[in-house]
Chemist: 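Have a look at this one.
Residue numbering restarts at 1 for every chain, and letters A, B, ... go by the order of the sequence lines. All values reported here derive from a predicted model rather than from experimental measurement.
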Protein chains: 2
Amino acid sequence: MAASSSRSATIRPLLTDRSDAVYQGLRRAIIEQALLPGDKLPEDAIGDSFGVSRTLVRSALTRLASEGLVEQRRNRGAAVASPSLASARDIFDVRRQLEDLAIRRLAGRLTPAQAATLRRHVERERSAAGRDGPESIRLAGEFHILLAEMTGNALLVRYIGEVVSRCSLILALYARPHSSDCAVSEHARLIEALEAGRAEEARQLMEHHIGAVQERALIERAPEGEQRLRQVLADYAQTIRGEAEA
Amino acid sequence: MAASSSRSATIRPLLTDRSDAVYQGLRRAIIEQALLPGDKLPEDAIGDSFGVSRTLVRSALTRLASEGLVEQRRNRGAAVASPSLASARDIFDVRRQLEDLAIRRLAGRLTPAQAATLRRHVERERSAAGRDGPESIRLAGEFHILLAEMTGNALLVRYIGEVVSRCSLILALYARPHSSDCAVSEHARLIEALEAGRAEEARQLMEHHIGAVQERALIERAPEGEQRLRQVLADYAQTIRGEAEA
DNA sequence: ACCCCCTTGATTGTATCCAATTTTTGCGCG
DNA sequence: CGCGCAAAAATTGGATACAATCAAGGGGGT
């Protein structure tokens, strides 16, 4: 559809947040593993897909790059970022620290409505946990974003949103697919501790939870042969990519 | 070839990071208070000043907006951000948490060379402390960025860089000018604690230091009459701006 | 046959142009 | 003299066009 004659026949949707649409679309595609780390992101092709010009695509790519989801190299185009294991560790370190702030802000201050919202979300996670698709990863991340939003701290929301995205990317790169169900119960226990005002317990739960996620990402498994592992996994990603394109 | 037609008479400096030049220039102007919160940032005028087209200016403005230094409103142009007191508190909260991570990473792990670099920087701060110009604010911020860089954590560097910039903006907005000398000695003591490996002391020093910076920003002084204070200060900024333009 | 250089094609970087929206100016009216 | 409304000017949003750069393939030389 759309198509018809030129572009004036269709009512322009809103005339601005079309760049947001590109941004959201690409972001989701990356997080849900439809686009794999290393995949090239040519401006023309993306623009054609979304029906916008390179201008808006470029804006979206720049935004994604500032969040660390894509890499932009001078005159060589953009590509889905493939974070190294070293930078993955850095990201998890920062994430731990930011989530700790969120927990301290929320412990004992959760309204019943907020708790209910969180529990509803965990329920959705639980129902998605069966199929180990990428939806699981996305929902798990959104739980943390929900927590951040409840602090009312806009900057914290932005930062946690970013690190969660990047962690999703890391998981997509390094984690084995069938392993994210236990996270659901961890989320549930976290809600309980927050609601009961047991701040220290909540902090430790979160600390342990992030640690578990990190471990799931195989980071702990390659303390030395890091370089070799990266090579292997890069090849593996290459294979999948080839299949997808064919 | 490459022709000497039209504008190619001048050797193009590097052909890409010209947008970076715009970004850096604007950023510095904002942090050093040459541009005050609320000042409009028209794309044309900026482009003329820097000798680039609106395209690159837009890119720079977007980047600055993503860091919170400018506000971009739909169809109404960009302006230097004027963070509210509420968001200022949020920013300081996040900053405390991020700086704490940096300190924990550095305590007891500072190389002699790093310590020397830091001391050299503090010396520059000391010499700039006399005149209470904006250079003082900038140098104080750069000390924290230096610390972040020494952790080797690129994400932490980026985040601390952002919050430091935004704190500079907040100080420019709310702080009285003649009050930032004591920070220098706090920086010096922090270096000592880090070098000696007294992690807990270093953490508390930093905590206290950020608290002092925050207090200097008058945030604690306006727990209630917030709205009124903002109005007053907006008027004050208006006056200064008028003088500068005349 | 292999390697190097040059040409060709694809893709990005930047400027300019048109459309759309906001803001200002000017004017008539109460 | 102030207020609302309309037209104009200024400014931004987005697309297109052109220049520059990078990746690859093809001839010629050794």
Chemist: When you check the gap from the basic side-chain N to the acidic O, do B/Arg105 and A/Asp90 get nearer than 4.0 Å?
Modeler: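 No, this pair does not count.
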
Chemist: Nearest whole angstrom, please: distance from the P of C/dA19 to the CG of B/Asn75.
Modeler: 16 Å

Chemist: Whole Å only: how far is the NZ atom of B/Lys40 from the C1' atom of C/dT24?
Modeler: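 That distance rounds to 13 Å.
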
Chemist: Could you work out, with ring-ring contact (aromatic ring centres under 6.0 Å, His included) as the rule, every residue matching B/Tyr23, not counting sequence neighbours?
Modeler: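 ring-ring contact (aromatic ring centres under 6.0 Å, His included) list for B/Tyr23, sorted by chain: empty.
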
Chemist: How long is the line joining CD of A/Gln72 and P of C/dT11, in whole Å?
Modeler: 16 Å

Chemist: Between the side chains of B/Thr117 and B/Arg120, does any donor sit under 3.5 Å from an acceptor?
Modeler: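 Per modelled atom types, B/Thr117 and B/Arg120 side chains form a pair under 3.5 Å.
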
Chemist: Is there a donor on the side chain of A/Arg54 or the base of C/dG13 sitting less than 3.5 Å from an acceptor on the other?
Modeler: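 Donor-acceptor pair under 3.5 Å: yes.
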
Chemist: Whole angstroms only, please: what is the CZ-C1' distance between A/Arg73 and C/dT12?
Modeler: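 One finds 12 Å between C1' of C/dT12 and CZ of A/Arg73, rounded.
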
Chemist: Which residue is it: A/Ile31, A/Val164, A/Val80, A/Ile91? I am looking for the one with a side chain to side chain contact (heavy atoms under 4.5 Å, CB included) to A/Leu169.
Modeler: A/Val80

Chemist: Measure from the side chain of A/Arg18, starting at C-beta and using heavy atoms only, and say which of C/dT22, C/dT12, D/dG14 lies closest.
Modeler: D/dG14

Chemist: Is B/Leu101 close to B/Tyr159 at the side-chain level, that is, under 4.5 Å between some pair of heavy atoms?
Modeler: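 No. Closest side-chain heavy atoms not under 4.5 Å.
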
Chemist: Does a side chain donor of either A/Arg96 or A/Gln214 reach within less than 3.5 Å of an acceptor in the other side chain?
Modeler: yes

Chemist: Side chains of A/His144 and A/Glu99: do they bring a donor and an acceptor to under 3.5 Å?
Modeler: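 There is such a pair between these side chains.
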
Chemist: Nearest whole Å is fine: how far is D/dA15 C1' from A/Asp44 CG?
Modeler: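 These atoms are roughly 12 Å apart.
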
Chemist: For A/Arg76 and for A/Ser53, locate the closest nucleotide of DNA chain D by heavy-atom distance; then report the residue assigned to the nucleotide nearer the 5' terminus.
Modeler: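 The residue mapped nearer the 5' terminus is A/Ser53.
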
Chemist: Specify the separation, in whole Å, of atom CZ of B/Phe50 and atom C1' of C/dT14.
Modeler: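 In whole Å, C/dT14 C1' lies 17 Å from B/Phe50 CZ.
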
Chemist: How close or far is atom P of D/dT21 from atom CD of A/Glu43, stated in whole angstroms?
Modeler: 17 Å

Chemist: Set out, line by line, the N/O atom pairs under 3.5 Å between protein and nucleotides 6-9 of chain D.
Modeler:
none

Chemist: Think B/Arg58 has a side-chain N or O under 4.0 angstrom from the OP1 or OP2 of D/dG13?
Modeler: yes

Chemist: Look at the side chain of B/Pro42 and decide which nucleotide, out of C/dG13, D/dT12, D/dT16, has an atom nearest to it.
Modeler: D/dT12

Chemist: Can you tell me how far P of D/dT12 sits from CG of A/Asp17, to the nearest Å?
Modeler: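 So the CG-P distance, A/Asp17 to D/dT12, works out to 20 Å.
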
